[in-house]
Amino acid sequence: MESNAAVRVRFSEVIFMMDMKSVESKWQAKWEKSKQNVFNKKNIDKKLYVLEMFSYPSGAKLHVGHWYNYGPTDTYARFKRMQGYEVFQPMGFDAFGLPAENYAIKTGIHPKDSTEKNIATMEQQLRNMGAMFDWSAEIKTCEENYYKWTQWLFLQLYKKGLAYRKESLVNWCPSCETVLANEQVIDSKCERCGSVMLRKDMTQWFLKITDYAEELLSDLDKIDWPEKTKLMQKNWIGKSTGCEIHFDCETGDDITVFTTRPDTVFGVNYVVLAPEHPLVDKLKEAHPEKADAIDQYVRYAAEANDIDRLSTAREKTGVFTGAYATHPLTKKKVPIYLADYVLYSYGTGAVMAVAAHDERDYAFAKKYGIPVTQVIQKAGGETILPYCEDGILVNSGIFDGLSGEEARDAIAVHLTKIGKGGKKVNYRLRDWSVSRQRYWGAPIPMIHCEKCGVVPVPEKDLPVKLPYDVEFRPTGKSPLASHAGFMKCTCPKCGGKASRDPDTLDTFVCSSWYYLRYPDAHNDKQAWSPELINKMLPVDVYVGGSEHACMHLLYARFITKALRDMGYVNFDEPFKRLVHQGIILGPDGNRMSKSHGNVVSPDTYIEEYGSDMFRLYLMFGFSYTEGGPWSDDGIKSVAKFADRIERLVRKSLELSGGHSNMTSAEKNVNYTKHYAIKNITRDVEAFSFNTSIARLMEYVNALQKYDAEVAEKNVTFYKDCIKDLIRMIAPFIPHFAEELWQVYGNKNSVFDESYPLFDEKALVKDETEYAVQVNSKIKAKIMIPEGLSDDDIRDTVCAYPEIAEAIAGKTIRKCIVVKGRLVNLIVG
RNA sequence: GCCGAAGUGGUGGAAUGGCAGACGCGACGGACUCAAAAUCCGUUGGUAGUGAUACCGUGUGGGUUCAAGUCCCACCUUCGGCACCA
């Protein structure tokens, strides 16, 4: 940032009476000592669980993103505290994971050492932020007393049948040398390092999130989350309602296909199997003359990487197997093809192809010279093939003439009757793959015994400790596999020789339940006390980035529901309300990154202005949920604002005197105050910090004007106003306000004060300015006394010279009065 | 390709269908000062006019309404998500 030097010179000219640095550290120490941010279980009936997504302990210091997440949310939490809630706002570290291990591979520094060091630095920075974090409940997921319970969670899932092992094609990142879950693959690339993913056949642990697909979808209606996020989850779950249809294969096997368009079933021209489909081998046996071609195609499909394979622009390829299937309704023979545009992992891995009414099937049929049979006609128009919309059925036997919707139902019913299929729901969501071939994670608490097979580690033997002395340089195998001391164990069932599972759990497993641990973070008998947790949860407000919409936020919902079904918790959803902060971009409008060279560090600003001013600017300069490009134009202005408050406060202290009646000057200040309180109360609740601060500024402006203009100040009134001002700014600039609160002679903490309440009566004015329109055009602004009827208001404005002139000689056809705002006279 | 969100002064951003541009930044003018900084007081959407004022203005084009930044339709641009899901 080349402007820094200039900025420094310019800004150092702002004179602070208050030395923010020492004021901040003073209050941080006092708050820590008085334990005022430690949750008091006695007040559990007034609890408010405010949670920010915990952070990954990276080597870099806190960045603007952390600040933007934690600073404003702390303001929300402090505000709620002043409203009388017992706020629980914990903080911790998502400490396992790939970056620490990759860093270790590069530098040789052990992940445990670098992680601990990073945590120490970040903890200090987080403390310096001056947020109300309850450090007594801190969690680090890499510590034994935490991952012991992560392993316990895995065992419970296993007992319940929600954790299982299977061989399957998985996403393999060649650079990170591990498997990733579908959610962690973005555009066929690794979420972390950007490498193009490969597909690999491996035996892996999976969590059965698909068992909860329907509930994860339907319960979205119950939670107060951004609609955008709910929609993303909805699409990710991808429910589609259709039909399963059985085709008899000439080998005597059944080919089941899934379709959302059973109304097109009479138009089936061929059947397609995914190249990985288990029936392929049998078809080869039945048609040895095609075996070579089939093998060649299967190999071709297997070698294509995901980017190529998933590209819609790619030309359709496939191979005829030589075999035929029998259409369940027409009894005609249709050819069976293999083609990789059919995915083995979705539905049944087989598709009925209707060339006339599906773009992909149409393109494939044209290429391979397969006939096209039209069975849907566009209602009242010419049908151009492929026609993929709904229409009227033709060439469909007894179903001719039905609409798409009628036909889908009728054909499904018919298929059920003749035993050839029926209605079926499919989800796009896949089970969550959780095995990672990496070192820095929670070991999977499973044992492989030659005699007994897979055996869970008994709960009493937890945790399965992660050894320190491990060669973590990648070999394509799990690093733990080559640690003899770790791997060697005895089978808990038969006592024979056995070995441990060498893989570790996806770190998203660790973060899928951490919010449950915070309230009972030191419990060494159980993961949590159900009695306590059922009172503390769900989290009332959860704040974090939207990039977790289909990962962490979905996993956490799943785990909560699974735990509920096992009886460990009694609520359905972990996060009642969710708020996403926006993203602060670099000054150039791009995402901040080292490669863009546009990273803005909070440190320079905090050094100059203190953490209060930095947080105040983050709240004032951006719309919270939008974010935007960084610019430091406004940071000076918020510092100036605070400076003005301080001068006002100190000056008012010097006043002495009594009080007199409220004149219009006092009434005006009072109005501005109550207007501010009313709006701040509403806006902070909505995380609309910028408008809240605007109201504070208006109030300060009003006080300053009062101070400057009124010679005989109503001192009692004025000092009360100043005291309220300090209370009002407290959640926004906590150290600063606490200091002023003491300067004003108070002994208690300002955060033990109540946030001022507004009085509707103070907001009632004697008269209000109305915009008066004639035929919807503004002609005048007129002060109208309170309490007039609509008719009186009309008469009042009509008597006004400007209005009288504008309506002279015309008749009033209509008069619209919007109370407190506007009058519209329609004349003609 | 599909789904979603957004587009407002020089600028960050405000506006339960009811006075567009709150509150700031910047700019301009003034007070204070030997001078500057800081501070304080004004002005500040555009065009025309000395002026009161008039007209035009929320991406573009239509529409609904007494009244549209806000609702509806079409389009353009940007961003986010999904992407051969049958």
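All chains are named by letter (A, B, ...) in the order of the sequence lines, taking the proteins before the strands, and each is independently numbered beginning at 1.
For the pair A:R428 and A:W236, the cation-pi criterion (under 6.0 Å, within 45° of the ring axis) is fulfilled. Cation-pi check for A:K765 over A:Y671 is met; the charged atom lies under 6.0 angstrom from the ring centroid and within 45 degrees of its normal.
Looking only at side-chain heavy atoms (C-beta outward), A:T317 and A:F364 stay at 4.5 Å or farther from each other.
The CD atom of A:Q374 sits 10.0 Å away from the OH atom of A:Y387 when rounded to the nearest 0.5 Å. Atoms OG1 and NZ, on A:T256 and A:K420 in that order, are 9.5 Å from each other to the nearest 0.5 Å.
For the residue pair A:D588 / A:N598, a side-chain donor-acceptor distance below 3.5 Å is found, with atom types taken as modelled. A donor atom on one side chain and an acceptor atom on the other are found under 3.5 Å apart for A:S776 and A:N824.
The residue A:R430 sits close to a base: some heavy atom pair falls under 4.0 Å. A:G318 comes within 4.0 angstrom of nothing in the nucleic acid, heavy atoms only. The residue A:N690 sits close only to the backbone: its heavy atoms come under 4.0 Å of sugar-phosphate atoms, none of a base. At the heavy-atom level, A:G347 lies nowhere under 4.0 Å from the strands shown. Note on A:N701: only backbone sugar-phosphate atoms sit closer than 4.0 angstrom, heavy atoms only; bases stay farther off. At the heavy-atom level, A:S776 lies under 4.0 Å from the strands shown only through sugar-phosphate atoms. Counting non-hydrogen atoms under 4.0 angstrom, A:R695 reaches a base of the nucleic acid. Contacts of A:I778 with the nucleic acid, taken as non-hydrogen atoms under 4.0 Å apart, involve only primed sugar atoms and P, OP1 or OP2.
Scanning atom types as modelled, one donor and one acceptor separated by under 3.5 angstrom connect the side chain of A:K781 and the base of B:C19. With hydrogens and angles ignored, a donor-acceptor pair closer than 3.5 Å exists between the side chain of A:K316 and the base of B:C84.
For the segment residues 767-774 of chain A, the set of residues with a heavy atom within less than 4.0 Å of an atom of RNA chain B comprises A:E769, A:A771, A:Q773, in numerical order.
Comparing B:A86, B:C56, B:A15 against the side chain of A:T691 picks out B:A15 as the nearest. Looking at the side chain of A:Y341, the nearest of the listed nucleotides B:C40, B:C84, B:C82 is B:C84. Taking only side-chain atoms of A:E698, from C-beta outward, the nucleotide of B:G18, B:A14, B:C23 with the closest atom is B:C23. Considering only the side chain of A:M697, B:C23 comes nearest among B:C23, B:C82, B:A86. Checking B:A86, B:C82, B:C40 against every side-chain atom of A:R647, the shortest atom distance belongs to B:C40. When each of B:C55, B:U16, B:G12 is scored by its nearest atom to the side-chain atoms of A:F620, the top-ranked nucleotide is B:G12. With distances taken from any side-chain atom of A:I816 to the nucleotides B:G24, B:G18, B:U39, the minimum falls on B:G18.
Dashed line: the shortest gap from a side-chain N or O of A:R821 to OP1 or OP2 of B:A67 is not under 4.0 Å. Look at A:K777 and you won't find any side-chain N or O under 4.0 angstrom from OP1 or OP2 of B:A67.
Ion pair A:E805/A:K779 not flagged as a salt bridge, since none of the NZ, NE, NH1 or NH2 atoms sits closer than 4.0 Å to an Asp/Glu carboxylate oxygen. Under a 4.0 Å N-O distance rule, the pair A:E244/A:K423 does not qualify as a salt bridge.
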If the sugar-phosphate is the primed atoms plus P, OP1 and OP2 and the base is the rest, what is the B/S/- string for nucleotides 1-11 of chain B, using protein heavy atoms under 4.0 Å?
--SS-------
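Nucleotides B:G80 and B:C25 are separated by 32 Å at their P atoms, to the nearest Å.
Remark: C1' of B:A67 and CZ of A:R813 are 17 Å apart, rounded to the nearest angstrom.
For the ring pair (Phe, Tyr, Trp, His ring centres under 6.0 Å) with A:Y270, the lone residue among A:Y362, A:Y368, A:Y337 that qualifies is A:Y337.
The strand RNA chain B forms stems, runs of 3 or more Watson-Crick or G-U wobble pairs with distances below 3.5 Å, at B:1-7 with B:76-82, B:10-12 with B:23-25, B:26-31 with B:39-44, B:45-48 with B:53-56, B:59-63 with B:71-75.
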